[in-house]
Protein chains: 2
Amino acid sequence: MATGRTHRPATRSRGIPEATVARLPLYLRALTALSERSVPTVSSEELAAAAGVNSAKLRKDFSYLGSYGTRGVGYDVEYLVYQISRELGLTQDWPVVIVGIGNLGAALANYGGFASRGFRVAALIDADPEMAGKQVAGITVQHSDEMERIISDNGVSIGVITTPPGVAQQVCDRLVAAGVTSILNFAPTVLSVPDGVDVRKVDLSIELQILAFHEQRKAGEEAANALPDGAVPASVTRKESADKGPDGDVPAVMPA
Amino acid sequence: MATGRTHRPATRSRGIPEATVARLPLYLRALTALSERSVPTVSSEELAAAAGVNSAKLRKDFSYLGSYGTRGVGYDVEYLVYQISRELGLTQDWPVVIVGIGNLGAALANYGGFASRGFRVAALIDADPEMAGKQVAGITVQHSDEMERIISDNGVSIGVITTPPGVAQQVCDRLVAAGVTSILNFAPTVLSVPDGVDVRKVDLSIELQILAFHEQRKAGEEAANALPDGAVPASVTRKESADKGPDGDVPAVMPA
DNA sequence: CGATCTTTGTGCACGCGTTCACAAAGACAT
DNA sequence: ATGTCTTTGTGAACGCGTGCACAAAGATCG
């Protein structure tokens with residue numbers, strides 16, 4: 001209960017690396033699965049495999065939380081589940097509002113992963129009067145006029161934006177003004193927020209584009225492997241462009 | 001960010017740093033917006049602001065692609081749009097299959113951001129016989145028995161998994177066996193794939209948990225300001241606005 | 001044509017995150 | 001107790017990404 005920092009070297013006291021924080025939920029999920037199978041303890045090697053990471057990395061990550069393992073044995077599953085949950089702040093209830101109840105907003109409202117981790121959908125908000133009153137995932141959608149009141153009444157500090165990009169910034173501003181200090185943004189827009197407000201973005205299109213890049217690279221290497229290695233395929237007469245892969249300039253058609 | 005990599009590319013991604021690749025879609029979006037406003041050229045400073053990054057970082061990123069700018073002037077918007085599109089492989093058509101047509105799968109099928117960037121939903125696949133034949137986003141859902149044929153017939157190399165976690169690995173295995181080499185995974189599971197297959201994961205629950213951590217930290221610091229405890233006060237300026245960011249694509253899914 | 005002004009491209013230093021490798025710590029057997 | 005065996009926790013090295021600061025390159029003007 002008291003804050004997590006019981007006794008920690010002052011030198012490194014509060015600083016859990018961001019990269020570590022991002023992996024804690026991963027460990028937590030693996031540990032929860034083990035817990036459900038009533039596994040009492042787990043070694044860093046086993047847990048790392050389950051979480052899909054390197055065991056040394058996992059041990060170092062845990063070392064930032066404290067010494068919760070037992071040498072020669074491993075980690076106590078239940079204890080670790082609790083410690084990580086507490087560190088992440090999941091031992092408390094986090095009311096969340098979702099703004100923009102379209103396909104994606106509805107999908108999120110129905111997503112079971114939220115409730116199971118201490119997150120509670122406090123309200124669904126949409127600007128369309130037609131949507132207000134409708135039931136989505138068992139929750140009545142409310143009009144955005146109510147936004148400020150809802151946030152205030154429920155002590156909401158986390159907001160999820162699933163609106164069209166054009167209105168995302170305005171929605172963001174209203175959320176922040178009403179007291180929200182953490183935002184999960186699904187709209188493809190750059191949100192600017194004051195200091196002290198955290199924004200995380202999830203962009204479906206960008207993920208696909210990154211995959212496309214690697215996919216193209218793979219195709220390029222494949223083609224290159226069919227050629228005598230070393231020399232650049234002479235068949236490709238490229239202009240000044242550095243020394244790109246063997247992909248030709250395909251269609252030069254870009255929407256203007 | 002949501003990234004899941006199983007294995008390191010071993011071979012350098014054509015020399016372009018992974019971090020740079022992840023930002024290219026961001027620049028592309030900003031550039032596309034400028035293009036639509038018929039802006040002819042843009043400086044690294046302006047573009048960086050629009051993309052929500054540091055201008056030095058942007059210039060360094062572009063330097064990996066080649067020298068596409070003009071000193072004293074800036075970058076030619078149209079030319080840069082084309083170069084980045086080509087680098088990302090967006091000048092070609094990428095057929096994509098979505099497996100698991102639940103709330104999230106349907107939301108993705110309706111997502112406009114895909115089509116606008118060279119991605120085409122080639123098929124929607126679901127294991128439920130009840131779903132087969134239904135129309136989602138104007139596309140007829142097909143039964144998973146057809147998976148292999150669909151992938152083969154359409155030359156699909158990118159698959160999106162939006163199934164329940166329990167069947168994600170099996171679906172993944174079938175996709176890979178059928179020829180898919182890039183996977184975007186929305187299921188909260190660690191997928192194991194053979195070398196040469198890229199996996200990126202988007203985990204909604206994890207993003208919220210990371211926000212909860214920072215939220216709790218903020219609340220803790222606030223309370224700590226009244227505490228005599230160790231000296232950890234000034235470190236509040238830590239702000240890691242790593243991703244103030246933006247990224248997004250043009251169209252959204254939401255119904256207006 | 002030369003001076004000045006703007007903006008790119010990049011060498012360099014720094015800090016974070018990852019990985020290795022091993023000493024320390026505890027369990028367990030004798 | 002003592003020795004052996006297992007596994008953690010971490011010091012140290014390394015590599016990647018970031019940001020600074022500036023020289024080089026080109027535009028523009030007189």
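A, B, ... follow the sequence lines: proteins, then strands. Residue 1 opens every chain.
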Next on the checklist: By nearest heavy atom, map A/T20 and A/T70 onto DNA chain C; which one lands nearer the 5' end?
Outcome noted: A/T20

Next on the checklist: Using whole Å, what does the distance between atom P of nucleotide C/dT8 and atom CZ of B/F62 come to?
Outcome noted: 10 Å

Checklist outcome for this item: In whole angstroms, the gap separating P of D/dG15 from CD of B/E18 amounts to 19 Å

Next on the checklist: If I take atom CG in residue B/L65 and atom C1' in nucleotide C/dT10, what distance separates them, rounded to the nearest angstrom?
Outcome noted: 15 Å

Checklist outcome for this item: Of the listed C/dT19, C/dG17, C/dG9, the closest approach to the B/S67 side chain comes from C/dG9

Checklist outcome for this item: Residues in residues 34-50 of chain A with a heavy atom under 4.0 Å of DNA chain D, by number, are A/S43, A/S44

Checklist entry - Are B/Y79 and B/Y68 close enough that their ring centers fall under 6.0 Å? => result yes

Checklist entry - Given atom OH of B/Y68 and atom P of C/dG9, what is their separation to the nearest angstrom? => result 11 Å

Checklist entry - How about A/L108 and A/V160: do any of their side-chain heavy atoms sit closer than 4.5 Å? => result yes

Checklist outcome for this item: Value for OH (B/Y75) from CZ (B/R59), rounded to nearest 0.5 Å, stands at 7.0 Å

Checklist entry - Roughly, in whole Å, what's the span from CD1 in A/I16 to P in C/dC16? => result 15 Å

Checklist outcome for this item: note: B/L58, atom CG; C/dT10, atom P; distance rounded to Å ~ 14 Å

Checklist entry - Between B/Y75 and D/dG26, does any side-chain N or O lie under 4.0 Å from OP1 or OP2? => result no

Next on the checklist: For a side-chain contact (heavy atoms from CB on, under 4.5 Å) check, start with the C-alpha distance between B/L204 and A/L184, then their side-chain angles and the critical distance, and finish with the verdict.
Outcome noted: CA-CA 9 Å; B/L204 314 176; A/L184 182 53; 5.7 Å; no

Item to check | Interatomic spacing from OG1 in A/T41 to CD in A/E78 - rounded to 0.5 Å | outcome: 11.5 Å

Checklist entry - Taking N and O atoms by type only, does the side chain of A/K60 place a donor or acceptor under 3.5 Å from a partner on the base of C/dT19? => result yes

Item to check | Nearest-0.5 Å distance that lies between atom CG in B/L175 and atom OG in B/S182 | outcome: 11.5 Å

Checklist entry - Side-chain contact, heavy-atom cut-off 4.5 Å: A/V197 with A/P194? => result yes

Checklist entry - Counting just side-chain N and O atoms, does B/R59 come under 4.0 Å of either OP1 or OP2 of D/dA24? => result no

Checklist outcome for this item: A/R23 atom CZ is separated from C/dG17 atom P, nearest whole Å, by 9 Å

Item to check | Spacing of A/N54 atom CG relative to C/dC20 atom P, expressed in whole Å | outcome: 6 Å

Item to check | Donor-acceptor pair (no angle test) under 3.5 Å: A/R71 side chain, D/dT7 base | outcome: no

